[in-house]
Enquirer: 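Following this message is one structure expressed as structure tokens.
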Amino acid sequence: MFKSRSQPIRPSEITDESVWRARRRLLLQAPGALALAASLPGPAQAVPVGQALPFTPSQRWKLDDTPTSESDITSYNNFYEFGTGKEDPARHSGQFKTEPWTLQIDGLVHKPLTLDMDQILKLAPLEERIYRLRCVEAWSMVVPWVGYSLSALLKQAEPQGSARFVRFETAADPETMPGLRSRILNWPYVEALRLDEAMHPLTLLATGLYGKSLPVQNGAPVRLIVPWKYGFKSAKSLVRITLTDTMPESSWMKVAPHEYGFYANVNPEVPHPRWSQATERVIGSGFFATKKPTLPFNGYAEDVAGLYADMDLRRNY
Ligand SMILES: Nc1nc2c(c(=O)[nH]1)N[C@H]1C(S)=C(S)[C@@H](COP(=O)(O)O)O[C@H]1N2
Ligand SMILES: [Mo]
């Protein structure tokens, strides 16, 4: 049943991590795990926030680090459409409607698509991938996302030979997003990737976290996750994906071009103009927050450094 988001999520609805861990062990052990999970009440037209999703744990992308607690992941957010404070997105997103939802794929493609959430969820098998999310503000989290490679979706649309970039546009509803009253960014929030970055298997189209559909504050119902780049590239609540032949201007490039470049690859050697990027504060480590050294490409250099082989990463930040 679709739950009206005007009511706050009760603590009892939030899966305790131990439950998630036990469920995950079960999924890892059972060979018919996906079939079993798929027999759980499947997504109807509506995609309620916090609904269990059928997934198989990724064998390839799973950090050994302990995931950040679900309560930290869902209460410490950047989602400026709902305000600039870390607690604003959880507090002020109750009116936002994630159903019905459509995601449009257009531009330089042979097959433009308009998909509803049911179609998005069924387009490819859902995987759980445990990624690090590194914000440009020098904090990080470890998040068990649910989703599949964005490439699966892009392939369905059949990119044309002339396509070189992918532009991501996100929801902008002034009625339900109080942050739009602020001019801190110009709305809608826009991000972009080069086509080869967008097609890289690490680039995730995420529909859930901790085994359940995304809470609004984390980008419901469907968002982008690009784990080797600063978090701002990972656009939330996607409504449109457009393939182009020219480099799109992202919202952050527009507002502060000297601070936020197109690439935004995590790079501990290139400080932000106002602070260092050499270390990061690990969210959830309590009052005595631990700091850890930031890794090139957020630890994914082996997977993605080849994409930038002949580029000066100091200039192309
Ligand atoms: N539409 C939209 N997407 C967004 C943002 C935003 O303000 N609006 N903030 C970005 C930033 S700066 C970060 S760090 C991540 C945070 O994702 P999380 O709240 O799920 O941890 O979302 C990114 N995606
Ligand atoms: Mo961020």
Side-chain angles (χ1 to χ4, degrees), residues 49 67-93 96 98 101 103 129-147 150 167-174 176-193 203-210 212-241 250-256 259-261 264-266 272 274-275 277 280-284 294 298:
V49 164
T68 306
S69 74
E70 186 173 3
S71 61
D72 281 334
I73 293 172
T74 58
S75 62
Y76 189 90
N77 301 100
N78 275 340
F79 199 163
Y80 280 13
E81 289 86 333
F82 296 109
T84 54
K86 294 289 179 268
E87 295 179 352
D88 286 343
R91 279 199 194 138
H92 303 308
S93 60
F96 185 66
T98 58
W101 194 267
L103 173 60
R129 298 187 187 175
I130 303 177
Y131 282 170
R132 186 180 322 281
L133 180 119
R134 172 58 160 81
C135 179
V136 74
E137 296 162 340
W139 51 263
S140 69
M141 293 184 181
V142 176
V143 186
W145 299 110
V146 177
L150 174 69
R167 178 183 183 275
F168 301 90
E169 187 177 311
T170 79
D173 175 22
T176 57
M177 294 176 138
L180 298 192
R181 277 179 241 137
S182 146
R183 300 267 137 187
I184 189 160
L185 287 175
N186 60 315
W187 317 105
Y189 190 101
V190 168
E191 262 307 335
L193 296 171
T203 303
L204 186 72
L205 192 72
T207 58
L209 65 81
Y210 268 109
K212 294 166 293 176
S213 53
L214 288 170
V216 173
Q217 60 268 35
N218 293 91
V222 58
R223 74 176 295 184
L224 181 67
I225 295 292
V226 196
W228 71 94
K229 295 180 180 282
Y230 292 115
F232 66 85
K233 299 297 285 185
S234 295
K236 293 176 170 180
S237 305
L238 297 171
V239 295
R240 189 175 180 189
I241 298 178
S250 69
S251 296
W252 286 106
M253 286 165 74
K254 194 167 215 153
V255 73
E259 300 192 9
Y260 308 107
N265 291 318
V266 173
H272 181 277
R274 292 182 278 135
W275 60 83
Q277 294 290 14
E280 63 204 51
R281 194 165 50 88
V282 181
I283 298 297
T294 288
N298 201 22

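For ligands, and for the atoms within them, numbers begin at 1 and follow the listed sequence.
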Enquirer: What distance do D173 atom CG and L180 atom CG have between them, rounded to the nearest 0.5 Å?
Expert: 7.5 Å
Enquirer: Which atoms of ligand 1 have any heavy atom of C135 under 4.0 Å away?
Expert: 14 (S)
Enquirer: I want to confirm something. Looking only at heavy atoms, which of E81, E169, K86, M141 is nearest to atom 1 (N) of ligand 1?
Expert: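 Result: the heavy atom closest to atom 1 (N) of ligand 1 is in E81.
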Enquirer: Taking the inter-plane angle between the rings of W275 and H272 on a 0 to 90° scale, is it parallel (under 30°), tilted (30 to 60°) or perpendicular (over 60°)?
Expert: parallel
Enquirer: Looking only at protein heavy atoms, which one is nearest to atom 18 (P) of ligand 1, and what is the separation?
Expert: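 Result for atom 18 (P) of ligand 1: K236 NZ, 3.4 Å.
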Enquirer: Identify the protein heavy atom lying closest to atom 20 (O) of ligand 1, giving its residue, its atom name and the separation to 0.1 Å.
Expert: R223 NH1, 2.7 Å
Enquirer: What is the nearest protein non-hydrogen atom to atom 24 (N) of ligand 1, stated with its residue, atom name and distance?
Expert: S234 O, 2.9 Å
Enquirer: Which value, rounded to the nearest 0.5 Å, describes the distance between S250 atom OG and L185 atom CG?
Expert: 9.5 Å
Enquirer: If I take atom OG from residue S69 and atom CD1 from residue I283, how far apart are they, to the nearest 0.5 angstrom?
Expert: 10.0 Å
Enquirer: Identify, by atom number and element, the atoms of ligand 1 in contact range of F79, meaning under 4.0 Å from any of its heavy atoms.
Expert: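 Numbered from 1, ligand 1 contributes 1 (N), 2 (C), 6 (C), 7 (O), 8 (N).
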Enquirer: Identify which one of T203, N298, L193 satisfies the side chain to side chain contact (heavy atoms under 4.5 Å, CB included) criterion when paired with K229.
Expert: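 Considering T203, N298, L193, a side chain to side chain contact (heavy atoms under 4.5 Å, CB included) with K229 is found only for L193.
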Enquirer: Should one rank A172, A235, G231 by closest heavy-atom distance to atom 13 (C) of ligand 1, which comes out on top?
Expert: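 Considering heavy atoms of A172, A235, G231, the nearest to atom 13 (C) of ligand 1 sits in G231.
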Enquirer: Please compare F232, Y189, W252, Y230 and report which has the shortest non-hydrogen distance to atom 6 (C) of ligand 1.
Expert: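 Among F232, Y189, W252, Y230, the closest heavy atom to atom 6 (C) of ligand 1 comes from Y189.
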Enquirer: Nearest 0.5 Å please: distance from the OH atom of Y80 over to the CZ atom of F232.
Expert: 11.0 Å
Enquirer: Considering non-hydrogen atoms of the protein only, which is the closest contact for atom 9 (N) of ligand 1, and what is the distance?
Expert: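 The closest heavy atom on the protein side is N78 O, 3.2 Å.
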Enquirer: Among protein heavy atoms, which lies nearest atom 7 (O) of ligand 1, and at what distance?
Expert: Y80 N, 2.8 Å
Enquirer: May I ask you to check whether W145 has an N/O atom sitting below 3.5 Å from an N/O atom of ligand 1?
Expert: no
Enquirer: First locate atom CG of L205, then atom CG of L224, and finally report the distance between them rounded to the nearest 0.5 Å.
Expert: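 That separation rounds to 7.5 Å.
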Enquirer: Which of the numbered atoms in ligand 1 are below 4.0 angstrom from a heavy atom of T170?
Expert: 1 (N)
Enquirer: Compute whether any side-chain donor of one residue and acceptor of the other, for N78 and K86, lie under 3.5 angstrom apart.
Expert: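 Yes, side-chain donor-acceptor contact under 3.5 Å.
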Enquirer: Would you mind listing which atoms of ligand 1 come within a distance below 4.0 Å of any non-hydrogen atom of L133?
Expert: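 Those of ligand 1 that fall under 4.0 Å from L133 are 21 (O).
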Enquirer: Report the C-alpha distance between Y230 and Y260 in whole Å, list the side-chain angles of each, state the deciding distance to 0.1 Å, and finish with yes or no for ring-ring contact (aromatic ring centres under 6.0 Å, His included).
Expert: CA-CA 10 Å; Y230 292 115; Y260 308 107; 8.7 Å; no
